[in-house]
2 protein chains.
Amino acid sequence: MEGLESIAWLAALGAGEWEVLRTRATRLSYSAGETVFAPTPDPHSIYILEQGRIRILRISSTGDEVTLGYVAEGEVFGELPGFGDHPRESFAVARAPSTVWRVPLTLFREWISSRPPIALEITRQMGDRMKRVESRVENLVFGDVRSRLAKVLLELAEDFGRTNGDTCIIDIGISQGELATLIGSTRQSVNAAMGALKDDGILRLSGRRTELLDQERLRTIARSNRGQEREKSGASDESGD
Amino acid sequence: MEGLESIAWLAALGAGEWEVLRTRATRLSYSAGETVFAPTPDPHSIYILEQGRIRILRISSTGDEVTLGYVAEGEVFGELPGFGDHPRESFAVARAPSTVWRVPLTLFREWISSRPPIALEITRQMGDRMKRVESRVENLVFGDVRSRLAKVLLELAEDFGRTNGDTCIIDIGISQGELATLIGSTRQSVNAAMGALKDDGILRLSGRRTELLDQERLRTIARSNRGQEREKSGASDESGD
DNA sequence: ATCAGTGTGTCGGGCAGCCGACACAGAACG
DNA sequence: CGTTCTGTGTCGGCTGCCCGACACACTGAT
């Protein structure tokens with residue numbers, strides 16, 4: 001019950017494989033808003049999220065922030081990148097009450113070295129994240145606020161949404177301001193874009209929750225870089241994919 | 001001389017470790033401009049760059065492109081990300097005459113599984129790249145064209161530059177247009193920004209080569225998100241142009 | 001020399017979206 | 001029950017930069 005076995009890919013390894021971790025890693029709890037780690041020139045731990053939700057972000061010299069992504073339960077985080085000798089440049093902040101294992105980097109590295117399947121799993125995780133970040137780049141470069149927003153909403157839906165018939169509900173208490181840090185925009189612009197999407201009947205907003213009513217249309221907007229196609233009405237939905 | 005041993009991290013493994021690759025992988029040559037791979041829903045190869053320079057990029061639905069990065073010699077590329085079961089979404093194009101090994105994904109995976117040190121190496125490589133992409137995101141979100149440009153120039157200098165006393169020379173025949181795809185901007189804006197940097201005495205342009213005269217100042221600009229700090233100090237007489 | 005192809009400079013118009021400001025709603029707290 | 005805080009909605013002004021267009025420089029073929 002001490003959590004580690006609740007992590008699927010660890011459990012899958014078979015008992016004993018991860019026992020080392022339990023004995024030599026530290027289990028920590030954070031409540032929403034607390035910082036799990038901050039940038040450091042010489043990180044010597046990596047982390048595994050047992051349960052909760054962590055936000056990875058960077059802060060510019062002027063205080064603006066970008067959200068690089070969220071850590072899903074079971075994922076390893078905290079500069080896997082910095083695996084080598086790189087400094088860590090990101091913050092990790094709990095967005096919800098979270099339980100985290102802090103693992104000494106040396107231990108983790110040696111642990112991997114002797115257990116190929118784990119290495120493979122780690123590689124897979126990193127690949128996933130890589131892909132995601134690359135998409136983010138693509139999206140930032142192309143597309144206006146409207147289409148970028150569409151994209152993130154879809155991603156969030158996929159990761160955290162509860163599907164409910166046709167509509168998908170995102171209810172992770174994310175503010176428009178935080179959305180802005182995901183797409184590199186401002187609170188106001190996000191607000192405007194959300195309003196527009198609502199008016200187009202693509203999504204419904206009730207308080208802090210967002211419901212995606214028409215993912216198909218949303219997807220179209222996300223793809224269209226310059227999302228300014230004034231959507232009159234009685235639009236034409238087309239191609240699936 | 002058949003190349004594989006020229007790759008440092010492979011050579012370091014000791015003879016025989018990578019012999020399998022030689023027998024079951026394919027060695028390919030590309031001249032500048034040729035496509036190494038294109039997006040595919042079901043990639044079944046990964047690649048290792050023996051020698052040359054490869055550019056990884058994406059193309060939007062409207063035909064615009066973003067450069068995600070360049071592959072350094074010895075690096076593994078081609079949707080390591082797609083390691084899992086993801087489709088490949090990027091293009092790889094040779095920027096210079098290049099020699100590449102194409103390795104069947106299955107082989108590579110099994111090869112890793114049985115050789116932990118390699119897994120570690122791969123992880124390291126991915127980490128590096130991850131870090132780079134994350135920085136790219138940060139840069140795209142913050143900063144105007146000027147500061148973004150400054151950032152890329154510094155990166156390019158670090159990766160491909162020849163240092164020469166104080167100045168660092170970037171001479172990889174990169175066009176302003178291509179620079180634009182690195183920072184998500186347009187040829188014209190890049191041109192203007194380069195001009196400004198030149199006027200400020202921060203860099204000198206001679207033909208297709210770029211010389212960084214004052215990396216310190218460049219670094220400052222890169223960090224300052226809104227690089228509009230009118231740098232008009234010094235320069236007693238001006239009016240000029 | 002001539003022409004095509006590719007990259008570099010420049011200019012003006014137009015607009016998306018950033019910024020600052022302000023009003024208002026709900027939630028947490030004393 | 002106010003007070004404070006955080007988040008949502010909106011507006012107008014200002015501007016960076018995208019876009020389209022055009023001239024020039026350089027290089028390599030014919």
Side-chain angles (χ1 to χ4, degrees), chain A residues 31-33 60 62-66 93 95 139-150 170-199 203-210 221 224-230, chain B residues 31-33 60 62-66 95 139-150 170-199 203-211 221 224-230 240-241:
Chain A
S31 39
S60 81
T62 53
D64 307 304
E65 42 185 74
V66 223
V93 176
R95 274 202 82 256
N139 218 252
L140 284 173
V141 169
F142 308 142
D144 54 15
V145 170
R146 182 188 175 89
S147 91
R148 275 182 277 161
L149 180 59
I170 300 174
D171 195 13
I172 54 174
I174 194 173
S175 74
Q176 296 184 344
E178 192 173 331
L179 279 175
T181 72
L182 273 165
I183 64 174
S185 178
T186 61
R187 211 211 83 233
Q188 295 96 312
S189 299
V190 168
N191 180 268
M194 293 277 279
L197 289 176
K198 190 187 65 183
D199 293 346
L203 46 84
R204 168 166 34 212
L205 311 174
S206 39
R208 179 156 310 179
R209 103 184 353 184
T210 305
I221 294 175
S224 77
N225 306 343
R226 215 128 283 281
Q228 248 31 26
E229 334 297 340
R230 274 291 111 221
Chain B
S31 40
S60 81
T62 54
D64 308 302
E65 43 185 73
V66 224
R95 272 201 85 253
N139 218 252
L140 284 173
V141 169
F142 307 142
D144 52 16
V145 169
R146 181 188 176 90
S147 92
R148 274 181 278 161
L149 180 59
I170 301 174
D171 195 13
I172 54 174
I174 193 174
S175 73
Q176 297 184 343
E178 191 172 333
L179 278 175
T181 71
L182 274 165
I183 65 175
S185 176
T186 62
R187 210 211 85 233
Q188 296 96 312
S189 299
V190 168
N191 180 267
M194 294 276 278
L197 289 176
K198 190 188 64 183
D199 292 346
L203 47 83
R204 167 167 34 213
L205 310 175
S206 39
R208 181 155 309 177
R209 98 178 3 177
T210 304
E211 304 178 36
I221 295 175
S224 76
N225 307 343
R226 215 127 285 281
Q228 248 32 25
E229 334 298 339
R230 278 288 114 224
D241 66 313

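To find a chain, count down the sequence lines: A is the first, B the second, and so on, and within it residues start at 1.
- Note: CG (Asp144(A)) to C1' (dG14(C)) measures 16 Å, nearest angstrom.
- Under the side chain to side chain contact (heavy atoms under 4.5 Å, CB included) criterion, Arg187(A) pairs with no residue, sequence neighbours left out.
- In this structure, CZ in Arg209(B) is found 5.0 Å from OG in Ser206(B), a value given to the nearest 0.5 Å.
- Recorded end-axis angle for the helix from dA1(C)-dT30(D) to dG30(C)-dC1(D) stands at 40°, based on five pairs per end and rounded to 10 degrees.
- In this structure, Phe142(B) places its CZ atom 19 Å from P of dG17(C), rounding to the nearest Å.
- A donor-acceptor pair is defined here as one N or O able to donate and one able to accept, closer than 3.5 Å; such a pair exists between the side chain of Asp144(B) and the backbone of Ser147(B).
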Report all interatomic pairs (protein N or O, nucleotide N or O of nucleotides 6-9 of chain D) with separations under 3.5 Å.
| unit_1 | atom_1 | unit_2 | atom_2 | d |
| --- | --- | --- | --- | --- |
| dT8(D) | OP1 | Gln176(A) | N | 3.2 |
| dT8(D) | OP2 | Gln176(A) | N | 3.1 |
| dG9(D) | OP2 | Gln176(A) | NE2 | 3.1 |
| dG9(D) | OP2 | Asn191(A) | ND2 | 3.3 |
| dG9(D) | N7 | Arg187(A) | NH2 | 2.7 |
| dG9(D) | O6 | Arg187(A) | NH2 | 3.0 |

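- Under 4.0 angstrom from either OP1 or OP2 of dC18(D) there lies at least one side-chain N or O belonging to Ser189(B).
- Rounded to an integer number of Å, the gap from CG of Asp199(B) to P of dT8(C) is 17 Å.
- Of the side-chain N and O atoms in Ser185(B), one or more sit less than 4.0 angstrom from OP1 or OP2 of dC18(D).
- The salt bridge (charged side-chain N to carboxylate O under 4.0 Å, His left out) search around Glu178(A) returns Arg55(A), Arg95(A), not counting sequence neighbours.
- Remark: Thr186(B) is in phosphate contact with dC18(D), judged by side-chain N or O atoms under 4.0 Å from OP1 or OP2.
- Remark: Ser189(B) OG to Gln176(B) CD distance equals 11.0 Å, nearest 0.5 Å.
- When the side chain to side chain donor-acceptor pair (under 3.5 Å) test is applied to Ser175(B), no partner is found at least two apart in sequence or on another chain.
- How far OG1 of Thr210(A) is from CG of Leu197(A): 10.5 Å, rounded to the nearest 0.5 Å.
- Note that CG of Leu203(A) is 6.0 Å distant from CE of Met194(A), once rounded to the nearest 0.5 Å.
- When the options Ile174(B), Leu149(B), Asn139(B) are evaluated for a side chain to side chain contact (heavy atoms under 4.5 Å, CB included) with Leu182(B), the one that passes is Ile174(B).
- To the nearest 0.5 Å, the span separating CZ on Arg208(A) from CD1 on Ile172(A) amounts to 11.5 Å.
- Regarding Arg209(B), its CZ atom lies at a distance of 17 Å from the C1' atom of dT8(C), rounded to whole Å.
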Test side chain to side chain contact (heavy atoms under 4.5 Å, CB included) applied to Val66(A) and Thr181(A), step by step: CA-CA 5 Å; Val66(A) 223; Thr181(A) 72; 5.6 Å; no

Each nucleotide N or O in nucleotides 26-30 of chain C that has a protein N or O under 3.5 Å away: list the pair and distance.
none

